[in-house]
Trainee: 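I'd like to ask you about the structure that follows.
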Amino acid sequence: MHAPADAPADRLRLFFQQAPGMIAILSGPDHVFEFANTAYLDLVGRHEVVGQRVRDVLPELEQQGTVALLDKVYATGEPFIGRRMPVTFQRQANAPAETRYMDFVYQPVVDDQARVTGIFAQGFDVTRQVETEAAFSESEARYRLFSEETREGVVIHNGDVILDCNPAYARLFGYGDVAEVVGLPSTAFVTPKSAALLQEKGALGSEEPYEIEAIRKDGSVFPAEFVGRVATWKGQKVRIGLARDLTERKRREAALRESEAHFAAIFDQSAAGLAEADLTGRLLRVNDRFCEISGYAREELVNGRRMQDITHPDDLPGNLVLFQRSIETGEPFDIEKRYVRPDGSEVWVSNTVTLIRDALGEAHSMASVSIDLTARRDAEAALRQSESRLRLALDAGRMAVWESDSRTNTVRTSPELNRLLGFPEEASPSIEEIRARYAPGAQDRLRAAAAAALARGERNAEEELEILWPDGSRHWLLLRADLEVMTGEDGAVSIKATGVAFEITERKLWEERQRLLINELNHRVKNTLATVQSITLQSFRHTNAATGSNVTAFQERLFALARAHDILTRDNWEGAELRDIVGEVIEPYCRESSGRCDIDGPRVRLTPSMALALSMAVHELATNAAKYGALSVSDGQVSISWSIAPGEPRQLTLCWQERGGPPVAFPARNGFGTRLIERSLAQELAGEVSLAYVPTGVVCTVKAPLPEAMA
């Protein structure tokens with residue numbers, strides 16, 4: 001471009017000044033502004049640029065490489081054309097920089113010798129066009145992405161045929177490709193009975209969604225939702241529609257209805273009282289159990305009655321504090337309170353209250369679960385009374401309670417047990433301190449008693465414990481315990497014992513005195529019997545009768561009586577076992593006739609008088625058998641058996657039977673032994689005694705009532 005030489009300068013300047021595009025003339029290698037029109041100045045936000053270098057007045061352009069680009073055009077003489085190039089201007093000092101998009105040309109200005117003397121810059125601001133195209137491209141891309149990627153079916157039709165659709169629409173109706181769908185009738189995708197509805201919605205231009213029966217390519221029918229609107233597409237009036245498969249939603253709705261019905265049934269039939277209240281306490285919903293607990297009918301509760309109206313006034317303030325705090329924090333709370341029934345009676349309940357939020361997470365209502373505590377409260381009251389009575393009984397009976405655990409080797413004592421053990425009542429002695437007061441061997445006896453009980457499959461054990469107090473005094477306790485066997489994670493077995501203790505010191509001292517008295521009595525009885533025996537021998541010493549059978553029989557009867565006394569003495573003269581009495585009397589005869597004496601019968605305990613009488617009778621029978629009966633020959637046998645018949649009172653039947661002895665004949669006269677058996681024994685036992693002399697051997701049958709206390 002050559003500089004104008006002949007054109008009037010003013011006319012040219014006016015033309016450039018009013019040009020719609022941006023024009024600037026730069027001169028020299030430093031690119032000094034020679035001219036800049038209004039459009040250019042408005043663009044760069046400067047008003048005084050003529051006579052200044054570009055790099056000085058527009059430093060932001062130098063930073064973006066514009067000055068370097070001008071240097072290249074000036075140096076090469078080749079023009080530069082820019083299309084939609086972003087250029088950033090600092091149009092105001094304190095405002096953020098603005099980016100504009102420019103179409104421009106840098107044209108070198110040469111003189112008549114073809115030397116570059118400057119640059120003619122001309123351009124247009126195309127920012128709006130660029131942004132519009134970008135927005136359009138973005139919109140088109142979004143539409144394309146939505147159309148191609150959405151799972152919703154998008155379709156375009158003119159009321160008669162399908163003009164276009166997205167892949168999701170084709171897949172929704174069982175088609176493999178969009179091409180299969182385009183050109184088909186718009187009614188081909190609904191059942192015949194739904195075709196009229198489709199055409200009606202299209203004719204009305206309805207834009208509201210509606211449900212319809214859709215049909216797939218294979219003929220299967222499914223529920224669908226259609227919605228559409230009128231639009232212009234490729235110059236023609238069309239309807240753009242959206243199709244959605246409702247199968248899953250219908251299934252969820254059915255499941256939800258079933259679930260709601262299920263939970264409604266649970267709500268209504270729950271064994272707990274269930275209620276829902278709004279945030280003011282007004283009851284919205286209650287179940288039958290809540291009505292039973294509160295005493296109100298459902299209609300009374302849900303027609304404006306509040307939780308506050310049925311809560312006991314004394315319990316309400318605390319309840320309201322928890323209620324409001326739960327609304328604010330969302331934390332559930334538990335409370336035990338009373339409802340006041342319509343008849344004025346009160347019922348204690350345990351209330352668990354939880355905040356319910358809506359779909360947006362906002363507090364919606366309060367749900368409560370009420371458990372009737374009447375039975376528990378009654379049980380607690382009964383337990384307190386029982387514990388009170390137990391404490392009174394323990395105190396009255398001077399019983400002490402204790403608990404031990406072999407796993408931890410610990411024991412818990414009560415004040416009463418401390419007293420029994422010789423500790424201060426408020427003390428907490430260790431198990432080592434307690435065991436230090438055991439008498440020698442006591443701990444081993446306690447362990448043996450527990451082991452024996454467990455071996456028998458029993459959980460209860462009882463044992464006496466001797467205690468030595470620090471002052472040297474001896475005390476006795478009776479311990480009764482419930483035993484619990486526990487196995488730890490490591491397989492170790494431990495025993496937890498809980499029990500009571502009684503002081504039996506007085507009883508033990510009395511028993512000891514009783515044993516001394518009984519032993520002394522027994523000693524004196526034996527001395528008396530020995531004296532009688534001595535007198536007898538002395539009386540007959542100078543006569544032939546001293547060595548006769550009568551004296552011998554008398555002595556043996558004294559010995560039998562002494563052995564019976566020994567048995568009774570062992571049992572403190574409280575009674576004796578029948579088996580012990582019989583065994584002790586016939587033991588000398590059975591020892592001499594091994595295997596020929598058979599004793600059989602249940603356990604039965606006799607009174608002292610019965611024991612002495614039977615002892616003497618069995619002695620007479622054994623003596624006669626040894627002299628004349630079954631025990632006088634090697635093959636003879638004796639059987640002593642007894643049984644107990646139930647009744648009031650129970651009946652003891654004892655039978656002595658001999659077999660294998662010499663032939664038996666009825667005696668010509670009754671001797672002392674026979675009279676002792678038949679008369680004295682029957683009289684002493686208050687029963688019946690019969691002697692039978694059958695050929696096979698003597699049979700003696702004793703029948704006597706047993707006192708109630710005898711087993």
Side-chain angles (χ1 to χ4, degrees), residues 1-139 141:
M1 177 178 180
H2 297 276
D6 301 327
D10 292 341
R11 184 179 178 184
L12 183 61
R13 181 177 294 275
L14 182 62
F15 174 78
F16 284 169
Q17 191 70 38
Q18 298 179 8
M22 293 160 288
I23 296 177
I25 300 176
L26 309 174
S27 63
D30 290 332
H31 315 304
V32 178
F33 278 103
E34 183 179 336
F35 173 82
N37 70 352
T38 303
Y40 186 89
L41 294 176
D42 290 341
L43 173 67
V44 300
R46 309 293 198 276
H47 299 290
E48 301 294 336
V49 298
V50 176
Q52 300 185 61
R53 296 186 305 173
V54 170
R55 60 170 46 91
D56 295 333
V57 72
L58 297 172
E60 65 269 26
L61 295 184
E62 183 174 17
Q63 295 172 5
Q64 298 174 63
T66 301
V67 174
L69 184 59
L70 292 171
D71 289 342
K72 183 178 180 182
V73 172
Y74 191 90
T76 63
E78 296 179 357
F80 177 82
I81 300 174
R83 296 290 185 186
R84 302 185 177 185
M85 293 188 65
V87 182
T88 302
F89 298 99
Q90 185 68 42
R91 301 181 66 192
Q92 297 181 20
N94 297 323
E98 298 181 29
T99 299
R100 313 295 292 179
Y101 290 88
M102 307 295 298
D103 281 352
F104 64 90
V105 60
Y106 289 159
Q107 179 67 42
V109 178
V110 298
D111 59 14
D112 52 3
Q113 296 180 5
R115 291 179 298 181
V116 177
T117 61
I119 297 175
F120 180 80
Q122 180 184 10
F124 295 92
D125 185 349
V126 295
T127 301
R128 179 170 296 180
Q129 180 181 354
V130 170
E131 291 176 346
T132 301
E133 290 177 355
F136 179 77
S137 297
E138 183 181 354
S139 175

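The basis for the numbers below is simple: all heavy atoms, side chains too, and nothing from hydrogens, waters or symmetry mates. None of the values given here were measured: they were computed from a predicted structure.
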Trainee: Can you measure from CZ (Arg53) to CG (Leu26) and round to the nearest 0.5 angstrom?
Mentor: 12.5 Å
Trainee: What distance do Asp103 atom CG and Arg84 atom CZ have between them, rounded to the nearest 0.5 Å?
Mentor: 6.5 Å
Trainee: What pair of heavy atoms forms the shortest contact from Pro108 to Val73, and how long is it?
Mentor: CD-CG1, 4.0 Å
Trainee: Okay, side chain of Ser27, backbone of Gly118: is any donor-acceptor separation there less than 3.5 Å?
Mentor: no
Trainee: At their closest point, which heavy atom of Gln107 faces which heavy atom of Pro79, and how far apart are they?
Mentor: OE1-CB, 3.7 Å
Trainee: Mark yes or no for whether Thr127, through its side chain, and Tyr101, through its backbone, hold a donor-acceptor pair below 3.5 Å.
Mentor: yes
Trainee: In chain order, what residues pass the side chain to side chain contact (heavy atoms under 4.5 Å, CB included) check against Glu60, with sequence neighbours excluded?
Mentor: Arg46, Leu58, Gln64, Phe89, Gln90
Trainee: First locate atom CD1 of Ile119, then atom NZ of Lys72, and finally report the distance between them rounded to the nearest 0.5 Å.
Mentor: 12.5 Å
Trainee: With side chains defined as the heavy atoms from C-beta onward, is the minimum distance between Met102 and Asp125 less than 4.5 Å?
Mentor: yes
Trainee: Quick check for you: to the nearest 0.5 Å, what is the distance between Leu41 atom CG and Arg91 atom CZ?
Mentor: 11.0 Å
Trainee: Within this structure, what is the CG-OG1 distance for the pair Leu61 and Thr88, rounded to the nearest 0.5 Å?
Mentor: 9.0 Å
Trainee: Below 3.5 Å, can you tabulate the donor-acceptor pairs from side chains in residues 30-38 to any protein atom, sequence neighbours excluded?
Mentor:
unit_1: His31; atom_1: NE2; unit_2: Pro29; atom_2: O; d: 3.4
unit_1: His31; atom_1: NE2; unit_2: Asp71; atom_2: OD1; d: 2.5
unit_1: Asn37; atom_1: OD1; unit_2: Ile23; atom_2: N; d: 3.1
unit_1: Asn37; atom_1: OD1; unit_2: Tyr40; atom_2: N; d: 3.0
unit_1: Asn37; atom_1: ND2; unit_2: Phe16; atom_2: O; d: 3.2
unit_1: Asn37; atom_1: ND2; unit_2: Gly21; atom_2: O; d: 2.8
unit_1: Thr38; atom_1: OG1; unit_2: Gln17; atom_2: NE2; d: 2.7

Trainee: Find out whether Thr66 and Tyr106 are in side-chain contact, i.e. whether some heavy atom of one side chain is under 4.5 Å from a heavy atom of the other.
Mentor: yes
